[in-house]
Amino acid sequence: MPELPEVETTRRLLAPYLEERRIVEAEIRHPRTGRRNENPQDVVDRLKGQLVHRLDRHGKFILGRLESELTWVMHLGMSGRFLIVSPEDQEIAHTHFIARTDRGDEIRFIDPRTFGFIAVFTPDELEAELRLGRDAFIDLPRTPQLAARLNGRKAPIKSLLLDQRIVAGLGNIYADEVLFRAGVRPTRRGGDLSGQEMTKVRKAIGPILKAGIAAGGTSLSKSGYRSPEGRSGEYRRKLFVYGREGDPCRRCGTPIERLVIGGRSSFYCPDCQV
DNA sequence: CCTCCATCCTGTGGGC
DNA sequence: TGCCCACAGGATGGAG
């Protein structure tokens with residue numbers, strides 16, 4: 001569920017509690033949550049006692065820059081969320097990771113589906129484990145670089161936008177919203193886009209993500225995204241196509257259509273998108 | 001290298 | 001109301 005805007009919202013809310021704070025205690029409660037390290041216990045051993053200088057984000061990954069060479073990596077997967085609480089606060093179901101800071105705050109990671117993970121990597125491991133293109137929001141490549149990556153590709157543009165090695169951060173919702181804004185059908189082969197279409201897609205990414213972040217992300221359901229403060233995102237009301245099958249296009253009134261591309265639901269306006 | 005597909009999980013929302 | 005099942009915002013590894 002969480003895509004770049006939800007991850008950025010999470011990062012911004014966690015930062016004041018973690019930056020320039022020391023992790024005095026850490027605990028992995030569910031082995032799957034620590035699976036990206038050789039041994040889940042490595043996460044705890046490496047994190048304990050470390051000072052967190054800064055919280056960064058690359059695509060959908062939150063990166064804690066530690067005082068050593070290590071990087072604390074957090075990924076929300078499909079159902080992950082963080083909570084900032086006091087140690088005495090009651091624990092909710094699916095709490096799979098806990099860290100306590102020297103200020104006495106507790107950062108808890110809740111993840112029912114366990115697709116998310118918490119890891120601590122050396123520089124070499126980080127390089128090997130995170131194969132990411134440039135960040136879609138703060139480091140978006142210029143059109144020629146983007147075009148070069150799509151050149152010759154036969155896969156649908158939608159699938160290519162979801163490929164984190166090309167550009168990091170877009171997920172199923174925002175990829176559809178970007179393509180609507182660009183006026184490009186999700187089924188179009190990436191390599192077949194004209195230069196002008198490529199420019200439109202590229203120029204749509206920034207504003208869509210910016211609006212998503214400003215709204216605090218998108219929450220689709222009751223069990224959907226929640227910020228570390230427990231708030232839902234408000235971007236759902238602003239969506240043009242995602243989840244709107246059969247509803248009138250907000251631009252032209254034509255019913256929005258749904259189809260499956262690369263195993264993912266895709267929504268588009270048959271009239272506005274060519 | 002590219003494309004497609006299955007897989008890892010639990011919760012829920014819609015249809016009957 | 002209750003039951004069942006398709007489906008869910010992601011990433012990866014393997015087959016072809």
Side-chain angles (χ1 to χ4, degrees), chain A residues 1-10 29-37 40 57-62 73-82 92-96 109-119 121 125 128-133 136 148-179 186-192 208-209 212-213 215-227 232-236 238-239 241-246 258-267:
Chain A
M1 3 161 93
E3 305 180 32
L4 190 152
E6 293 75 35
V7 176
E8 175 63 13
T9 299
T10 297
R29 296 288 191 80
H30 193 309
R32 250 180 77 73
T33 296
R35 68 188 179 282
R36 291 289 291 267
N37 270 102
R57 182 192 52 72
H58 188 167
K60 302 170 197 169
F61 292 79
I62 295 173
V73 179
M74 295 158 263
H75 196 288
L76 302 177
M78 290 283 266
S79 60
R81 53 185 279 222
F82 282 95
I92 66 173
H94 308 293
T95 299
H96 298 328
F109 180 63
I110 294 94
D111 186 17
R113 292 178 70 184
T114 67
F115 289 170
F117 67 87
I118 307 288
F121 289 142
E125 289 168 344
E129 293 285 328
L130 272 56
R131 297 193 301 276
L132 297 177
R149 300 290 276 111
L150 301 185
N151 185 36
R153 299 292 298 263
K154 294 186 175 179
I157 182 66
K158 165 72 182 285
S159 300
L160 297 172
L161 287 181
L162 291 179
D163 186 339
Q164 305 296 301
R165 293 167 301 186
I166 296 177
V167 155
L170 292 175
N172 209 30
I173 297 177
Y174 296 98
D176 278 4
E177 295 298 310
V178 162
L179 288 171
T187 45
R188 294 278 303 283
R189 291 177 169 208
D192 287 353
I208 292 287
L209 293 176
I213 293 168
T218 305
S219 301
L220 291 176
S221 70
K222 191 173 126 202
S223 66
Y225 173 75
R226 294 292 182 80
S227 76
S232 295
E234 295 301 320
Y235 196 65
R236 187 181 186 183
K238 307 227 171 78
L239 295 173
V241 287
Y242 189 88
R244 301 193 62 244
E245 182 183 17
R258 171 189 182 270
L259 42 83
V260 176
I261 300 170
R264 319 294 304 277
S265 278
S266 303
F267 302 87

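By convention in this document, chain letters (A, B, ...) are assigned in the order of the sequence lines, proteins followed by strands, and residues within each chain are numbered from 1.
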Does OP1 or OP2 of C:dA8 have a side-chain N or O of A:Arg258 closer than 4.0 Å? yes
A:Tyr225 and A:Thr10: side-chain donor and acceptor closer than 3.5 Å? yes
Determine the interatomic distance between P on B:dC8 and the same-named atom on C:dC4; round to the nearest Å. 23 Å
Is the phosphate of C:dA11 approached by A:Gln164 (side-chain N or O, under 4.0 Å from OP1 or OP2)? yes
Report the relative orientation of the aromatic rings in A:Phe117 and A:His75; use parallel for angles under 30°, tilted for 30 to 60°, perpendicular for over 60°. parallel
Between A:Arg149 and A:Gly263, which is nearer to the 5' end of DNA chain B once each is assigned its nearest nucleotide? A:Arg149
P spacing across the pair B:dC9 / C:dC3, given as an integer number of angstrom: 26 Å
List the steps, then state whether side-chain contact (heavy atoms from CB on, under 4.5 Å) holds for A:His94 with A:Asp111. CA-CA 6 Å; A:His94 308 293; A:Asp111 186 17; 5.9 Å; no
Given C:dA11, B:dT3, B:dC8, which nucleotide is nearest the side-chain atoms of A:Arg32? B:dC8
Using a cut-off of 4.0 Å on non-hydrogen atoms, how would the nucleic acid contact of A:Tyr174 be classed: base, sugar-phosphate, or nothing? nothing
Verify the contact: side-chain N or O of A:Lys60 to OP1 or OP2 of C:dA11, cut-off strictly under 4.0 Å; return yes or no. yes
By the salt bridge (charged side-chain N to carboxylate O under 4.0 Å, His left out) test, which pairs, at least two apart or in different chains, include something from residues 164-174 of chain A? A:Asp163-A:Arg165
Is a side-chain donor-acceptor pair under 3.5 Å present for A:Glu6 with A:Tyr235? no
When you look at A:Leu239 and A:Ile173, which way does the side-chain contact (heavy atoms from CB on, under 4.5 Å) test go after all the steps? CA-CA 9 Å; A:Leu239 295 173; A:Ile173 297 177; 3.6 Å; yes
Nucleotide-level pairing of DNA chain B, given in dot-bracket where Watson-Crick and G-U pairs need both distances under 3.5 Å and | marks other strands: .|||||||.|||||||
A:Arg165 CZ - C:dG13 P separation (whole Å): 11 Å
Considering only side-chain heavy atoms of A:Leu160, which listed nucleotide, C:dG13, C:dG10, B:dT3, is closest? B:dT3
Exercise: do A:Arg32 and A:Thr114 side chains pair donor with acceptor under 3.5 Å: yes
Please state how far atom CZ in A:Arg35 lies from atom C1' in B:dT7, giving the value in whole angstrom units. 12 Å
When all nucleic acid strands are considered with a 4.0 Å heavy-atom cut-off, which category describes A:Glu129: base, sugar-phosphate, or nothing? sugar-phosphate
For the base of C:dG10 and the side-chain ring of A:Phe115, does the geometry meet a stacking cutoff of under 5.5 Å between centres and under 30° between planes? yes
For the student: nearest non-hydrogen atoms of A:Ser232 and A:Arg226, plus distance: OG-NE, 3.3 Å
Please determine whether a side-chain nitrogen or oxygen atom of A:Arg36 lies at a distance below 4.0 Å from atom OP1 or OP2 of C:dT12. yes
Which of the following nucleotides, B:dG13, C:dA11, C:dG10, is nearest to the side chain of A:Ser221? B:dG13
For A:Leu130 and A:Gly217, find the nucleotide of DNA chain C closest to each by heavy atoms; which residue's nucleotide sits nearer the 5' end? A:Gly217
Could you tell me how far apart A:Leu162 (CG) and C:dA11 (P) are, to the nearest whole angstrom? 9 Å
Ignoring backbone atoms, test whether A:Ser265 places a side-chain nitrogen or oxygen under 4.0 Å from the OP1 or OP2 oxygen of C:dA8. yes
Consider the side chain of A:Tyr242, meaning its heavy atoms from C-beta on, and name the nucleotide among C:dA8, B:dT3, B:dC9 that approaches it most closely. C:dA8
With a 4.0 Å cut-off on heavy atoms, is A:Ser159 in touch with a base, just the backbone sugar-phosphate, or nothing at all? nothing
Here the distance between atom C1' of C:dA8 and atom OH of A:Tyr225, to the nearest Å, is 17 Å
Side-chain N or O of A:His94 closer than 4.0 Å to phosphate OP1/OP2 of B:dG11: yes
Verify the contact: side-chain N or O of A:Arg153 to OP1 or OP2 of B:dT3, cut-off strictly under 4.0 Å; return yes or no. yes
